[in-house]
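Inspection log for the structure reproduced underneath, given as structure tokens.
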Amino acid sequence: MGFLSINDLLGEGSRIGEVIRAGGALSKPDWRRALLATEIVFASGVVGSGLDWSMTTGFQDDETIVILRSIQRKMAGSRYWVLDSVTTSDVPPAPRVTAMPRISRVSEETLPESAETRPLIELVNSTGATAQRQQVKRVVEGLALGCLYYGILRLPNDRTAVASAFTSAWSSWPKAPEFNSVNDLTVGNDVWIEMGKSESRKGLTAAWERRSVPHLMPRYADDTVTDCLKLVADDKASAEDWTDLAESYLRALSQTPSSSAT
């Protein structure tokens, strides 16, 4: 990878990341190390993020491939760049990436519109609000499956009741710390908002109609709820974890005045 040791990887990786965020110039070896490290952490399930990429960064695999391929084309000769180069002006040409998502933490004053570093900045700055939305989306999906598992067809469509009940369930759920981008203080309201958007989301196994009716998405209509729970299960939350969260949520919701489930 071009690093001398694990400690060098951690130290130099932090330095390179900070330079990219700031829109600074990197040597060719640093550009190559940045690209290779990103390729590994994206693709590898052994030493990288792998299947958790969309959860940990907020970028879907197809979005990431578009960005990486653009960078790779512009850095096509990077495998031949001299390792001991110290030139800080040898920045590769600006990749042409259309419809590139922008991360709000990078101000418009930091970089010009044609900045060479913008695609990598999008990957380096891929935590924060985008990651939070991705994790809340996963929670809403898991909650819908958990409720379906218990045979729930309809729940109250009351913002205060839903937000309060879910906040209570979330606070006692052992797996909540795994979703570290979710704001514990606003999670009830965030889940309420995402429920309303869930039917339009791509890639979900289950969603909510009018925030009150959990259902499987059309693509999975012929699958069982148990099968769908297995599909969303990972090292962050198992199928049983999602049903436990749903059970706690339903219990809290049942204690809310004027609420009932069918």
Side-chain angles (χ1 to χ4, degrees), residues 54-55 58 60 104 127-234 236-262:
S54 63
M55 289 291 292
Q60 297 300 317
S104 59
T127 57
T130 306
Q132 180 183 6
R133 286 193 296 271
Q134 292 292 330
Q135 292 192 0
V136 171
K137 182 173 72 172
R138 175 58 62 86
V139 169
V140 167
E141 177 186 21
L143 183 65
L145 289 172
C147 288
L148 289 170
Y149 177 82
Y150 287 110
I152 299 298
L153 301 179
R154 182 181 296 273
L155 290 169
N157 186 358
D158 180 275
R159 182 171 192 155
T160 301
V162 168
S164 175
F166 189 82
T167 299
S168 175
W170 184 260
S171 66
S172 61
W173 192 43
K175 289 295 183 175
E178 296 290 335
F179 298 83
N180 54 14
S181 292
V182 174
N183 188 331
D184 293 342
L185 299 178
T186 63
V187 64
N189 190 59
D190 294 340
V191 163
W192 167 264
I193 293 172
E194 182 58 35
M195 281 178 166
K197 300 177 180 178
S198 59
E199 286 195 298
S200 64
R201 299 299 194 193
K202 296 180 179 179
L204 297 185
T205 59
W208 295 82
E209 180 183 350
R210 298 188 300 276
R211 296 188 173 93
S212 60
V213 180
H215 63 88
L216 296 181
M217 296 295 273
R219 179 180 176 182
Y220 299 93
D222 295 331
D223 294 281
T224 67
V225 173
T226 300
D227 287 339
C228 290
L229 279 166
K230 292 178 181 178
L231 288 175
V232 302
D234 54 23
K236 292 182 181 296
S238 66
E240 185 178 0
D241 290 325
W242 289 119
T243 58
D244 286 347
L245 177 63
E247 182 181 12
S248 297
Y249 172 65
L250 294 171
R251 186 184 304 113
L253 196 60
S254 69
Q255 298 171 357
T256 304
S258 303
S259 67
S260 61
T262 59

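Just so we're clear, the structure is a prediction, and the values are computed from it rather than from any experiment.
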Show your working on salt bridge (Lys or Arg N to Asp or Glu O under 4.0 Å) between Asp234 and Arg138 and close with a plain yes or no. CA-CA 11 Å; Asp234 54 23; Arg138 175 58 62 86; 3.3 Å; yes

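- Scored by the side chain to side chain donor-acceptor pair (under 3.5 Å) test, Thr205 finds Glu141 as partners (sequence neighbours excluded).
- When side chains are defined from C-beta on, Val182 does not count as touching Asp190, because their heavy atoms never get closer than 4.5 Å.
- Between Leu155 and Leu250 the shortest side-chain heavy-atom distance falls below 4.5 Å.
- Every residue two or more places apart in sequence or in another chain that forms a salt bridge (charged side-chain N to carboxylate O under 4.0 Å, His left out) with Arg201 is listed here: Glu194.
- Residues Thr186 and Asn189 bring no donor and acceptor atom of their side chains to less than 3.5 Å of each other.
- In plain terms, the two heavy atoms of Ala165 and Ala252 that are nearest each other are O-CB, 3.6 Å.
- Here CD of Glu209 is found 7.0 Å from CZ of Arg154. Values are rounded to the nearest 0.5 Å.
- Note on residues 162-177: pairs passing side chain to side chain donor-acceptor pair (under 3.5 Å), not counting sequence neighbours, are Trp170-Asp184.
- Here the closest non-hydrogen pair linking Pro214 and Ala144 is CB-O, 3.8 Å.
- What you find for Tyr249 and Val162 is that their closest heavy atoms are OH-CG1, 3.5 Å.
- Between the CE atom of Met217 and the CG atom of Asp223 there is a distance of 13.5 Å, given to the nearest 0.5 Å.
- Atoms OG and CG, on Ser238 and Asp241 in that order, are 3.0 Å from each other to the nearest 0.5 Å.
- Residue Ser181 forms a side chain to side chain contact (heavy atoms under 4.5 Å, CB included) with just one option from Gln134, Gln135, Arg133, and that option is Gln135.
- Note: Leu204 CG to Leu216 CG = 11.5 Å, rounded to the nearest 0.5 Å.
- Each salt bridge (Lys or Arg N to Asp or Glu O under 4.0 Å) pair with one or both residues in residues 242-257, not counting sequence neighbours, appears once here: Glu247-Arg251.
- Looking at Trp192, its side chain never comes within 3.5 Å of a backbone N or O of Ala161 through a donor-acceptor pair.
- Within the model, atoms OG of Ser248 and CZ of Phe166 stand 10.0 Å from one another, a figure rounded to the nearest 0.5 Å.
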For Tyr149 and Cys228: C-alpha separation, side-chain torsions, deciding distance, then whether side chain to side chain contact (heavy atoms under 4.5 Å, CB included) applies. CA-CA 10 Å; Tyr149 177 82; Cys228 290; over 6 Å; no

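- Here side chain to side chain donor-acceptor pair (under 3.5 Å) pairs that include residues 210-221, with residues two or more places apart or in two chains, are Glu199-His215.
- In this structure, Leu229 and Gly146 approach most closely via the heavy-atom pair CD2-N, 4.5 Å.
- Nearest heavy-atom pair across Val213 and Leu153 is CG1-O, 3.4 Å.
- In the displayed structure, Asn183 atom CG is contacted under 6.0 Å by more than 12 heavy atoms of other residues, nucleotides or ligands.
- Listed by chain and residue number, nothing satisfies the salt bridge (charged side-chain N to carboxylate O under 4.0 Å, His left out) test with Glu178 (two or more places apart in sequence, or in another chain).
- Minimum heavy-atom separation, Leu143 to Trp242: N-CE3, 4.2 Å.
- Note that the CG atom of Leu145 and the CG atom of Asp227 stand 11.0 Å from one another [nearest 0.5 Å].
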